[in-house]
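None of the values given here were measured: they were computed from a predicted structure. Below, chain A is the first sequence line, B the second, and so on; all start at residue 1.
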Amino acid sequence: MSEKEKVTPADFLKRHVYDIAAYAGLIVTFILFLIFSGSRLSYNMATVLQAASAYSIIALGAVFVYSMGYMDVSVGQQVGVYAILMIMITNAMGGTAFGVVIGFLVILALALLCGAFNGAVAVWLKLPSIVTSLFLMFFFTGAQLLLMESTGTNSISIQATIKPADRNMYNVMLVLAIIVVAIIVTYFFKFSKLGKYTRGIGANEVTTAQCGVNTTKWKVIAYMAFGACVAVGSFIMLTRTGSAGKGTGSGYAMDIMICLILGGMPLSGGMKSKVSSALVGTFTYVLLTNDLTTMGVDLNLINFVKAVIFIAIIMVTCRKRDTILPR
Amino acid sequence: MAKATQHELVIEVKNMCKNFGPTKALRNVDVSFYRGEIRGLVGENGSGKSTITSIISGMQKATSGEVFYKGAAWNPGSMVEAQKAGISMVLQEANTIPNCTVAENIFAGRFDEFSVFGIVNMKKLNKAAQEILDSFGISHIKAEDSINRYGFEDRKLIEIVRCVSDDTEVFVVDETTTALSMEGRQLLYKLIHKLKDNDKSVIFISHDMDEILEQCTDLTVLRDGEIIGHLDRSEMDKPNSEQVIRYMMVGREIGDAYYREDYDSSHGDKVALELKNVSLGEIKNFSLKLHEGEIIGFGGLSGCGMHEIGRIAFGLEKPESGSVERNGEKIKGCFEAIQSGIGYVSKNRDTEALILEGSIQDNIVLPSESELSHTTFISPKKEKQMSDKEIASFRIKCGDGRQWVNTLSGGNKQKVSFAKWTAKGSDVIIMDCPTRGVDIGVKQFMYGLIADMKKQGKSIILISEEMAELIGMADKIIIMKDFAVTKEFMRSKELSETDMIEYMI
Ligand SMILES: Nc1ncnc2c1ncn2[C@@H]1O[C@H](COP(=O)(O)OP(=O)(O)OP(=O)(O)O)[C@@H](O)[C@H]1O
Ligand SMILES: [Mg+2]
């Protein structure tokens with residue numbers, strides 16, 4: 001054995017460079033946030049929390065999918081359709097609490113079904129997962145339009161109270177929701193077969209299969225877990241807006257991807273995937289957007305800035321650092 | 001280092017160190033290589049052999065120290081640059097480029113020689129490649145074929161062909177022979193001797209002591225990144241040289257017990273795994289009964305079909321007809337195979353057996369997660385215990401179980417690949433070249449494990465390029481040639497390699 005030499009600070013930095021960068025990004029955006037908010041701090045905090053809640057829950061679920069090295073582009077349209085459906089069902093049932101529960105169960109079932117479809121079809125038809133999720137995206141785009149056409153209006157509102165009247169109560173509820181989902185996801189990702197297998201599939205699918213893992217089954221389960229989070233996330237989003245329309249959810253898929261990448265999730269998945277990427281990334285992203293807005297940056301410019309940051313991160317993380325001998 | 005011979009110095013390494021974070025892979029190494037010699041480089045797994053040679057051949061840079069090549073300072077930027085300057089290396093693991101033709105692989109990085117205004121003349125390229133293949137006596141490999149069509153051994157030969165040309169001055173062979181069948185080895189031996197006779201320098205890394213003593217003219221021993229000593233031919237010829245070298249490598253005595261000592265080839269009556277009239281491709285109607293407590297060995301030349309038998313038995317390849325059965329149930333895929341207690345050590349270490357971008361622990365526990373999981377919960381503590389136990393018993397050279405597998409030396413990777421199945425405790429293990437690239441100490445340990453498994457009533461299929469290993473371990477040896485069985489030998493004291501070779505060629 002080579003004797004255990006001390007790990008120098010330089011080695012530590014080198015090994016954790018991406019984690020450090022991700023957390024540094026969060027801290028910087030947070031400091032800017034504190035500076036720019038000034039007297040409106042508590043109000044702005046609540047805004048950020050409300051904006052981040054749906055994103056972070058969906059991003060937490062997406063960790064299972066991204067850790068396999070897959071991605072999903074249909075989530076935005078799914079969120080839109082689920083929100084609309086939820087409103088329609090609740091309203092049809094007279095806006096009762098029972099109606100809300102039924103509405104949620106329906107979208108949960110749909111989301112699980114879509115997850116299963118995403119996972120299973122990709123395996124059976126041997127298609128890259130992006131293709132099935134593109135298909136779902138087009139499907140849901142159509143569904144969203146048709147549903148809204150059928151209402152004859154541009155936007156529909158839920159006729160039930162799904163949000164505590166007290167602002168502080170509501171914020172506490174959101175924080176709790178994020179914490180509960182984060183704990184559940186962390187448990188399954190770190191301490192159960194699901195996370196171990198999805199990371200294995202991302203790192204080397206052949207090896208994982210040769211270790212006795214039924215990769216088809218676990219891909220489907222991973223996508224279904226994601227689906228469950230999408231359903232919850234859609235509901236949380238609905239509590240905030242109370243209404244939905246043709247544009248609801250658009251851009252979510254890209255935003256989720258950017259959140260995860262900002263949080264240090266490798267696009268190729270694998271053993272380096274972490275749950276914390278979802279939370280760190282989402283809050284960095286939302287804070288960043290908030291900072292830019294309070295700084296008075298034009299909306300179009302904000303998107304441009306985001307694109308630049310996105311490209312920069314991809315370029316840095318995709319560069320091979322040190323080549324390792326094939327031996 | 002006084003050298004008696006008048007051979008000319010070609011490479012001189014001075015005070016070289018190489019650190020990987022806290023790991024010191026090389027410590028102040030001084031070593032010289034001369035023309036007209038075949039220098040053996042031996043040492044335990046992880047002693048730094050690949051590290052030294054890969055620095056010389058431009059794959060990575062030393063942390064400190066100097067290299068001189070033909071008297072001038074030598075700092076190659078890449079392998080291609082080194083190869084153009086005359087230094088080439090056959091790497092330990094497969095290093096061919098998939099999805100390309102054989103010819104493209106042979107001339108990778110040298111397309112400019114065949115192109116006019118950027119357009120490559122494929123016909124000329126293929127022709128030149130085939131000429132090279134023919135000149136090496138491996139005409140069965142066709143230049144215009146896709147490399148994916150060829151198995152591990154043939155790819156290794158293609159790599160060798162790629163490395164050697166008229167301008168080669170220094171040729172490094174890193175632990176290649178265990179991947180080659182007998183004919184491939186002969187070809188390589190002939191090649192290195194030809195190079196030596198032409199006053200070139202060969203650096204030959206191997207764990208096979210017989211091979212080292214037969215082929216090399218000089219020997220350098222490494223231990224823990226330090227040069228322990230050099231032996232010249234006269235010292236290598238001494239009767240006790242093997243013990244001396246072993247002692248230098250390991251730093252302690254290791255016993256002579258190596259293979260199984262008993263000649264008792266009895267086994268249980270129950271059939272543990274059965275192949276019934278299996279046909280796939282060129283394999284026709286192959287049948288096999290593996291009993292509890294039985295070790296069946298498979299031997300043959302490259303392309304004889306023995307590796308395919310292993311893959312079929314594990315459910316990786318679906319037979320066109322016939323079936324694989326265990327306990328009366330059909331094995332339809334590797335998932336069922338593992339469920340029913342079968343394990344498989346793949347020969348394709350980097351692509352199939354290991355998650356390179358994962359930790360040692362991730363790899364060792366992956367097949368056992370089902371057993372470790374209690375109502376969805378997998379205890380990290382139990383995982384760590386399981387992997388630490390294997391790391392200790394195989395003496396895997398690493399910082400701890402969190403180290404990534406792609407930073408391990410070749411032999412240590414092989415240990416991880418083997419340890420996955422000992423950790424799981426599979427009842428039937430199909431081993432395809434299980435001791436590839438591991439040092440003698442570890443081999444001894446693995447053979448001990450295999451013998452113990454037999455005693456516990458476990459069954460083993462041992463597919464190996466090394467005949468000594470088959471003779472030493474198997475109850476029954478099946479020799480294959482051209483996808484068919486040519487002979488079965490039962491375990492006996494009298495059995496020799498020459499008996500077996502007769503049925504291989
Ligand atoms: N990128 C890396 N990061 C950390 N450690 C490394 C890295 N590359 C090599 N090492 C370590 O350096 C040591 C020397 O490795 P090397 O590959 O030279 O051994 P070797 O003598 O070729 O062994 P083998 O006989 O198993 O091939 C090993 O302990 C290995 O774990
Ligand atoms: Mg090596």
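In this structure, the ring-ring contact (aromatic ring centres under 6.0 Å, His included) partners of B/Phe418, at least two apart in sequence or on a different chain, are B/Phe394. Legend: residues meeting side chain to side chain contact (heavy atoms under 4.5 Å, CB included) with A/Ile27, ordered by chain and number and at least two apart, are A/Ile31.
Of the atoms belonging to B/Thr351, it is backbone heavy atoms, and not side-chain ones, that fall under 4.5 Å from chain A. With a threshold of 4.5 angstrom between heavy atoms, B/Leu316 approaches chain A through side-chain atoms but not through N, CA, C or O. Of the atoms belonging to A/Thr208, heavy atoms from both backbone and side chain fall under 4.5 Å from chain B.
Put simply, the side chain of B/Phe377 does not reach to within 4.5 Å of the side chain of A/Ser192, judged on heavy atoms. Counting heavy atoms from C-beta on, the side chains of B/Ile378 and A/Lys193 come closer than 4.5 Å. Side-chain contact between B/Lys420 and A/Cys211 is present, with heavy atoms from C-beta onward closer than 4.5 Å. Put simply, the side chain of A/Tyr187 reaches to within 4.5 Å of the side chain of B/Thr376, judged on heavy atoms.
The most heavy-atom pairs under 4.5 Å with chain A, out of B/Asn363, B/Leu372, B/Asp362, come from B/Asp362. Interface check for chain A: of the options B/Gly315, B/Gly437, B/Pro367, the most heavy-atom pairs under 4.5 Å are formed by B/Pro367. With chain A as partner, the option from B/Glu352, B/Glu336, B/Lys424 having the largest number of non-hydrogen pairs under 4.5 angstrom is B/Glu352.
Among residues 57-64 of chain A, no residue has any heavy atom closer than 4.5 Å to a heavy atom of chain B.
Salt-bridge check for B/Glu383 with A/Lys196: passed, with a basic side-chain N closer than 4.0 Å to an acidic carboxylate O.
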Without placing hydrogens or testing angles, list every side-chain donor-acceptor pair under 3.5 Å for residues 110-124 of chain A, not counting sequence neighbours.
from: A/Asn118; atom 1: OD1; to: A/Thr132; atom 2: OG1; distance (Å): 3.2
from: A/Asn118; atom 1: OD1; to: A/Ser133; atom 2: N; distance (Å): 3.4
from: A/Asn118; atom 1: ND2; to: A/Asp72; atom 2: OD2; distance (Å): 2.8

